[in-house]
Structures are given as C-alpha cells and as structure tokens.
Amino acid sequence: MKIYAVDDEALALDMLTEAVRKAYPSAEVQQFTDPTACLERVKKEPCDVLFSDVQMPEMSGIDFARQCQMIHPRINIIFVTAYDDYALQAFDMYASGYVQKPVTAKKIRGEMQHLRFPLQEQEEKCCRIRCYGVFEVFDRQNRPIHFHRSKSKEILAYLTHCRGAFCTNRQIAAILFEDAPYDIKQTRYIQKLVSTLMSDMEANGMGNVLIRNHNTLAIDTNLVDCDYFDQPDRQQVLMNGGEYMSQYSWAEY
C-alpha cells in the first residue's frame, strides 16, 4: 500500500507520518512539504491514499486535492486539519475521510476502514501466533513480543482460541479467574488488563489486530498467521503427543 502525506509544516508532517506508520507498519509512506512536488509524483506514480493538510500557504489542500483527482480519479484523499470548517467542502468533493489534529493511529485506522475506493490488496499479516506448545506471539522480524502483564498475554491467548469471536469482559474474567466473583474490583482489573494488552499491541505495530466494541473484544484473524488457524483440530494434535497452550490450565479442556 502506497501512501503520500502532505503538510507544509515539517513537525506536523512528521507527526502525521508517524501515526500512519504506526497504524499500517507495512505501508510505504512518502512525505511532502510542497504540494506541487507531490502533484508531480502523483503524475508519475499514483498512490493508494493521500493524506493532506487543508491550510497550506502556496496552495490550499482543497485545490491540491482537486488537481490530484484530475490526475488520478480513483485516489483516496483524507484531509487533515486542526479545524472543522472545511468538512463540508471535503464531503462535496467526495473525499475518503477527514481527520482532525492531533492525528493518532486510531483516527487513521478509523478513516482507512471507510475508503471511497477500497484497496484490492489484502493487508499484510501483523504478527505470528504460536498455540501448539507454549503460547507465544512474534513480530514481523520473528522476535517474541514482550507483554507488561502476563494476564494481558493470557487474554490474547484466549481471544486467539476463540478464533475471531467476540468475548465479553465477563467471559474473559471467568477464564482467567474461574470461580472468583465478577464484582466491581474484578471488572476494573479486567479493564486495566485489556487496556495494557492494547497498549502492548499498539507499541509493536499490531494495534489493528484487536477489535474492541464496548465491553467485548476479538482479534482480526485476517491479520494473524497462526498455527491453530491452519490446523484447528486440537484433539488430533494432542493424540499425536503434542501440546496446546501448555502454560494455561483452561486450554487443557
């Protein structure tokens, strides 16, 4: 996926680029402080998504985007600005999105999920998860991921076991703490564990693997390379002398 980022302020451009790369580590991101230079690049090499500041001295982001659309009609344009005054103009020209500063990876992913011209290519796997033997998570360089809390890692193990199904906080608590009462104290503890898990995944460029919806959580199986997904018959593996998430007692059942 090729992404161009345009902003006349170097610091703002670096922050935008950092957020885009954090949201999509595998994407090819190119920076431009000059919209004219970006126009020339679009003529030679179109991108999939263009993030553009709205207020620029030489050329407004709206005019710049219109010229890009004339060159490449199916370009996805997402405007970035500190103000919401230009939202109507952005929608009038059928932009793919509108992000208000400060830009974050979460905001970037939110807009990218609703592109006007959806990308055809599949997103690259964000990580590799090993379930048979000892549960472990590896990054793109095949390095094991460090989790700040062992229980947060166990939550990810259970979400992997559920293969993309949403799990409530109560269900997760029942797995992690069995017969312990699900009271206010435990509710807050589960929320803290989930928050830590999401922070750990985000820090390793895997934030989009987790799908959070109110008090439910799941993993996007399309973004994970997992031995359990390739060979879901755990019983057959166990019969052949193998193990499944051997460090977790609930996995025995």
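Predicted, not measured: the structure shown is a model, and the values here were computed from it.
Criterion: ILVMFWY side-chain heavy atoms under 4.5 Å apart, direct or through other members. Under it, Leu50 and Leu13 are not part of a common hydrophobic cluster.
Closest heavy-atom contact between Asp220 and Asn208: CB-O, 4.2 Å. Across all non-hydrogen atoms, the minimal contact from Phe117 to Arg74 is CD1-O, 3.3 Å. Here the closest heavy-atom approach between residue Ala218 and residue Gly164 is recorded as CB-O, 3.6 Å.
Under the 3.5 Å distance criterion, with hydrogens and angles disregarded, no donor-acceptor pair is assigned to the side chains of Asp14 and Thr17. In summary, the side chains of Trp250 and Glu178 do not present any donor paired with an acceptor at a separation below 3.5 Å, with no hydrogens or angles considered. Inspection of the His148 and Asp200 side chains reveals an N or O donor paired with an N or O acceptor under 3.5 Å. Gln30 and Glu28 are linked by a side-chain donor-acceptor pair at a separation below 3.5 angstrom, with hydrogens and angles left out of the test. There is a side-chain donor-acceptor pair under 3.5 Å between Tyr244 and His161.
Put simply, the side chain of Asn169 reaches to within 4.5 Å of the side chain of Gln191, judged on heavy atoms. Taking the side chain as every heavy atom from C-beta outward, Ile78 and Met112 approach each other to under 4.5 Å.
For Arg163 and Tyr228, the positive end sits near the middle of the six-membered ring, less than 6.0 Å away and at most 45° from its axis. Phe177 carries Lys151 over the face of its six-membered ring, with the cationic atom under 6.0 Å from the centre and within 45° of the normal.
Few gaps surround CE on Met59; more than 12 heavy atoms of other groups in view lie less than 6.0 Å from it. The number of heavy-atom neighbours closer than 6.0 Å to CD of Glu202, taken from other residues, nucleotides and ligands shown, is above 12.
Taking the six-membered ring wherever Trp is involved, the centroid distance between the rings of Phe32 and Tyr4 falls below 6.0 Å.
In terms of the side chain to side chain contact (heavy atoms under 4.5 Å, CB included) criterion, Asp179 has no residue partners (sequence neighbours excluded). Partners of Gln186 by side chain to side chain donor-acceptor pair (under 3.5 Å), not counting sequence neighbours: none found.
The closest donor-acceptor contact from the side chain of Thr216 to the backbone of Asn213 lies under 3.5 Å.
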Carefully, step by step, assess Leu210 and Ile219 under the rule side chain to side chain contact (heavy atoms under 4.5 Å, CB included). CA-CA 5 Å; Leu210 296 174; Ile219 65 169; 3.9 Å; yes
Using the side chain to side chain contact (heavy atoms under 4.5 Å, CB included) rule, take Ile77 and Phe51 through it: C-alpha gap first, then chi angles, then the decisive distance, then the call. CA-CA 6 Å; Ile77 298 173; Phe51 287 88; over 6 Å; no
Can Val29 and Tyr24 be said to form a side chain to side chain contact (heavy atoms under 4.5 Å, CB included), step by step? CA-CA 9 Å; Val29 186; Tyr24 296 92; over 6 Å; no
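Under a 4.0 Å N-O distance rule, the pair Asp7/Lys101 qualifies as a salt bridge. A salt bridge is defined here as a Lys NZ or Arg NE, NH1 or NH2 lying under 4.0 Å from an Asp or Glu carboxylate O, and Glu45 with Lys2 meets this definition. No salt bridge links Lys106 with Glu111; every basic N to acidic carboxylate O contact stays at or beyond 4.0 Å.
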